[in-house]
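Chain A is the first sequence line, chain B the second, and so forth, proteins listed ahead of strands; every chain is numbered from 1.
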Amino acid sequence: MPELPEVETVRRGLADLLPGRVVASAAHLNSPKSFPNAQHDVSQFLIGATIQSVRRRAKVLLVDLDSQHSLVIHLKMTGQLVFRGQEAFGAGHPNDSLIGELPDRSTRVVLGFRDGSHLYFNDQRKFGWVRLLPTLEIPNIDFMRKVGPEPLESDFTVSQFTERFQRRARTNIKAALLDQTVVAGVGNIYADESLWGAQIDPHRIVGSVSADEFSRLYTELRAVMNMAIDKGGSTDKNYVNAEGKRGSYMDFARVFRREGQACSRCGQQILKIRWAGRGTHYCAECQK
DNA sequence: CACTTGACCTGTCCGC
DNA sequence: TGCGGACAGGTCAAGT
């Protein structure tokens, strides 16, 4: 669900809303993976700190504080980060919001700010987490050391892209695309969408994919992710942006959740199978 | 090291 | 209607 385009959409929203706000409180409702730090870390480095910037690396959000610490947040599958200003309270909620009054039963962490506004971390399935770490230590955590390059960076080239896959030469292209150590930020939706665009069958072994096919996949992956950011991400069930609103990429999806419909390129029926441990959507006629 | 599978969770949907 | 099971899919640990 939240993949690179969704996390980037949340980041942009929070980057407009959070910097300059001062943390006044941090409530930890029912999120066993969040705030494992000792309580004095929270009171020392979070409470009273001012938010400076909001960054993203892969599917991880980094909220930098002026205490040399950062909130490190992973939404995993059902995580949401929703900001509510003081004025939203009691006045109901915007009717284009997908969610109602907060906190609700999936709220795991609530940050309160000095001006009366709040940031809610909701997560139905409790896979996600919020941690507080020294900012300079973030590049050293296991995930950051292993994660691959950002596919949308302007200096990320097709030859780098192709070369990154060689470490997974014997597995299939769908599993390799989902491997965060190959390229950062690709999840199930954009793996299926980009393979359709590049006309590559998800079953293909990486070692058999030609340079020309990698070039198409590189172009399609970047195009699909950039378009998804443009559309505010994909809302299948849970995903919302920092204002609680849905994204519209699913209206433009070509295969994801379109099983049984006609392929827009060749007219054949789109299939859904189980592959690489995931629901996989593709067109067997024009993806070879 | 490369690769695959299951665990982590909760809510929903489908078949009986 | 109730109930069990499959499914949703990001990452890590444990297995081959």
- Message: If I take atom NZ in residue A:Lys237 and atom P in nucleotide B:dC13, what distance separates them, rounded to the nearest angstrom?
- Response: 6 Å

- Item | Distance below 4.0 Å between A:Thr78 side-chain N/O and B:dG11 OP1 or OP2 | no

- Message: I'd like to know if the side chain of A:Thr235 reaches the main chain of A:Gly247, judged simply by a donor and an acceptor atom lying under 3.5 Å from each other, with no hydrogens or angles considered.
- Response: yes

- Query: Quick one, which residues of residues 185-195 of chain A touch DNA chain C with a heavy atom under 4.0 Å?
  - Reply: A:Gly187, A:Asn188

- Task: Would you mind reading off the distance between A:Met77 atom CE and C:dC7 atom P, rounded to a whole angstrom?
- Result: 15 Å

- Task: Quickly work out the A:Gln124 CD to C:dC7 P distance and round it to whole Å.
- Result: 18 Å

- Integer-rounded Å distance: C:dA8 C1' and A:Lys272 NZ: 8 Å

- Task: Indicate whether any N or O donor in one side chain lies under 3.5 Å from an N or O acceptor in the other, for A:Thr78 and A:Tyr239.
- Result: no

- Message: Assess whether a salt bridge exists between A:Arg204 and A:Glu213, defined as any Lys/Arg side-chain N lying under 4.0 Å from an Asp/Glu carboxylate O.
- Response: yes

- Task: Please state how far atom CZ in A:Arg125 lies from atom P in C:dC12, giving the value in whole angstrom units.
- Result: 16 Å

- Item | Derivation and outcome, salt bridge (charged side-chain N to carboxylate O under 4.0 Å, His left out), residues A:Arg278 and A:Asp192 | CA-CA 10 Å; A:Arg278 295 289 179 268; A:Asp192 284 2; over 6 Å; no

- Pull out every stem in DNA chain C, meaning runs of 3 or more consecutive Watson-Crick or G-U wobble pairs with both distances under 3.5 Å. B:2-8 with C:10-16, B:10-16 with C:2-8

- Message: With a 4.0 Å limit, can you tell me whether A:Arg167 has a side-chain N or O closer than that to the phosphate oxygens OP1/OP2 of B:dA2?
- Response: no

- Query: Contact class for A:Arg105 vs. all strands (heavy atom < 4.0 Å): base, sugar-phosphate, or nothing?
  - Reply: sugar-phosphate

- Task: Nearest-nucleotide wise, let me know which of A:Ala169 and A:Asn30 is further upstream toward the 5' end of DNA chain B.
- Result: A:Ala169

- Message: Would you say the ring centers of A:Phe35 and A:Phe121 fall short of 6.0 Å from each other?
- Response: no

- Message: For a quick test of reading the model: is some side-chain N or O of A:His74 closer than 4.0 Å to OP1 or OP2 of C:dG10?
- Response: no

- A:Arg257 side chain N/O closer than 4.0 Å to the phosphate oxygens (OP1, OP2) of C:dG9? yes

- Query: If the P atom of C:dA14 is compared with that of B:dC9, how far apart are they to the nearest Å?
  - Reply: 15 Å

- Going by the angle between their ring planes, with limits at 30° and 60°, are A:Tyr282 and A:His203 parallel, tilted or perpendicular? perpendicular

- Message: When you measure from the side-chain N and O atoms of A:Gln180 to the phosphate of C:dG10, is any distance below 4.0 Å, counting only OP1 and OP2?
- Response: no

- Query: Under a 4.5 Å cut-off applied to non-hydrogen side-chain atoms, are A:Leu65 and A:Ser70 in contact?
  - Reply: no

- Hey, can you tell me if A:Phe165 and A:Phe214 have their rings parallel, tilted or perpendicular (30° and 60° cut-offs)? tilted

- Whole-Å P distance, B:dC14 and C:dG9: 16 Å

- Between CZ of A:Arg145 and C1' of C:dT11 the distance, given in whole Å, is 18 Å

- Item | Non-hydrogen side-chain atoms of A:Val186 and A:Met225 separated by less than 4.5 Å | yes

- Task: Show your working on salt bridge (charged side-chain N to carboxylate O under 4.0 Å, His left out) between A:Lys59 and A:Glu3 and close with a plain yes or no.
- Result: CA-CA 6 Å; A:Lys59 300 172 191 170; A:Glu3 306 180 24; 5.6 Å; no

- So what does A:Arg278 hit on the nucleic acid, given a heavy-atom distance under 4.0 Å: a base, only sugar-phosphate, or nothing? base

- Query: OP1, OP2 of C:dA8 versus side-chain N and O of A:Arg274: anything below 4.0 Å?
  - Reply: yes

- Message: Can you measure A:Arg164 atom CZ to B:dA2 atom P for me and round it to whole angstrom units?
- Response: 12 Å

- Query: If each of A:Phe127 and A:Asn172 is mapped to the nucleotide of DNA chain B with the nearest heavy atom, which maps nearer the 5' terminus, i.e. the 5' end?
  - Reply: A:Asn172

- Query: Taking for each residue the nucleotide of DNA chain C with the nearest heavy atom, is it A:Asp236 or A:Lys76 whose nucleotide lies nearer the 5' end?
  - Reply: A:Asp236

- Query: Is the shortest side-chain N to carboxylate O distance from A:Arg12 to A:Asp16 below 4.0 Å?
  - Reply: no

- Message: Reading DNA chain C from 5' onward, which residue's closest nucleotide shows up sooner: A:Phe256 or A:Phe143?
- Response: A:Phe256

- Message: How many whole angstroms separate atom NZ of A:Lys174 from atom P of B:dC3?
- Response: 18 Å

